[in-house]
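For reference, positions follow the sequence shown, starting with 1. We count ligands from 1, going down the list as the structure has it; atoms in each ligand are counted the same way.
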Amino acid sequence: MVITPKIRGFICTTAHPEGCAAHVQGQIDYVKSKPRLENAPKRVLVVGASTGYGLASRIVAAFGGAASTVGVFFEKEAADKKTASAGWYNSAAFEEAAAKDGLSAKSFNGDAFSHEMKQRVIEAIKTDLGPIDMIVYSLASPRRIDPDTGEIYKSVLKPTGGTFSSKNLNTDKKLIETVTIEPATAEETAQTVKVMGGEDWNLWINALAEAGVLADGFKTVAYNYIGPELTWAIYTDGTIGRAKLHLEQTAREINDRFGAGTALVSVNKALVTQASSAIPVVPLYISLLYKVMKEKGLHEGCIEQIHRLFADHYGAPEGPKLDDKGRVRIDDWEMREDVQAAVAGVWDSVTTETIDDVSDFAGYQKEFYRLFGFGLEGVDYGAETDPVRPIPSLR
Ligand code: NAD
């Protein structure tokens with residue numbers, strides 16, 4: 001079939017297999033263009049490994065440090081003339097490229113929140129891999145089924161203080177409008193913490209430890225976002241921010257149990273991913289930020305960010321550099337004063353008419369399409385293509 005993008009709000013319901021493969025290959029090429037990583041982990045588990053920051057983590061570990069990787073994700077296979085999801089095609093392309101380079105890669109598709117998935121992964125580590133020395137926890141999910149009670153928790157993106165009104169970019173219609181969001185109830189906040197907080201991260205580490213499949217001195221990292229004040233009401237001070245506080249608390253608990261420096265939270269840059277495009281206000285901020293960072297030669301994508309995390313922090317002889325709250329800050333370039341001053345300088349004045357002049361909305365959109373494998377150079381989008389692509393290790 002000929003595959004074209006079908007956008008519904010902040011999601012694209014189709015994905016292009018060759019395009020996703022080209023997207024993955026571009027990230028692999030970037031990592032290979034850099035020196036081999038120092039002190040790189042050798043057996044890496046990535047939970048949330050098929051898109052965004054998790055996929056970049058898997059690529060950096062494998063192609064930058066020659067690690068064997070286990071990837072867990074929740075993606076859709078192609079069926080009945082429907083394409084697979086982008087993360088499915090990304091993972092198929094990742095495994096093919098890994099096999100070509102003689103790198104071991106095993107993938108698991110299903111619910112990472114379940115006990116069953118944890119046990120399946122543990123069995124594979126026992127039989128095929130050997131003790132894991134790094135766990136990257138990079139899940140972004142709108143819901144979680146409690147593995148013990150079966151209760152379904154839903155995460156919401158809402159402020160926790162009062163009603164919040166802000167400028168917002170309607171990415172579908174390319175309109176600057178005002179968005180008003182009522183604050184979350186205490187129950188909604190609690191459920192968001194259940195989904196996006198650290199409870200499941202802790203369950204993974206405990207399950208792996210109890211099964212005896214963690215190497216001595218193992219490391220684990222999860223990702224957070226902070227950003228500038230203009231996004232705080234919806235992010236840092238909102239329901240998701242509460243969940244991220246729990247994630248940071250979980251890192252401290254893991255460190256109390258396994259030793260200081262075992263668990264880290266890395267604060268990453270705002271980037272276009274499937275998860276971030278669903279957050280109100282953030283797409284406008286990203287469009288303005290991209291323009292400023294590109295002009296200053298500071299722009300990075302997921303792969304550049306995670307390469308910096310592994311090379312400059314984990315690879316440094318003195319270990320990761322931490323802020324006063326014990327976090328790694330690879331959002332340092334985003335948060336530079338001159339960058340934030342430039343973004344703030346246009347925030348109040350940007351209108352629908354000036355979007356193209358003062359923001360990089362074109363870059364935002366291009367990046368969004370690329371997440372689903374569209375707009376990649378060298379791909380013949382007019383050609384018939386088979387949507388069915390196996391992920392070799394799932395066979
Ligand atoms: P993403 O949507 O690109 O990736 C989410 C991953 O989670 C995918 O691999 C998906 O398959 C997997 N997943 C979701 N539900 C699952 C389930 N039930 N079982 C198994 N796998 C499941 O998201 P992302 O933007 O890369 O976010 C990853 C992390 O990085 C999140 O913690 C996010 O808060 C953080 N972060 C994102 C940004 C950003 O701007 N995108 C910035 C800083 C930090």
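In terms of heavy atoms, I132 sits closest to F218 at O-CB, 3.8 Å.
In this structure, K321 contributes its side chain and D312 its backbone to a donor-acceptor pair below 3.5 Å.
For ligand 1, residues of the protein lying within 4.0 angstrom by heavy-atom distance are G48, A49, S50, T51, G52, Y53, F73, F74, E75, G110, D111, A112, F113, S138, L139, A140, S141, Y223, N224, Y225, Y235, K244, N268, K269, A270, L271, T273, Q274, A275, S276.
For P283, the side-chain contact (heavy atoms from CB on, under 4.5 Å) partners are T171, Y364, not counting sequence neighbours.
Judged by the 6.0 Å distance and 45° axis criteria, K106 is positioned over the aromatic ring of F108.
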Check: Passes ring pair (Phe, Tyr, Trp, His ring centres under 6.0 Å), F94 versus F63? Steps please.
Finding: CA-CA 10 Å; F94 172 88; F63 294 94; 5.8 Å; yes
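No option in T250, N206, T220 other than T220 meets the side chain to side chain donor-acceptor pair (under 3.5 Å) test with W201.
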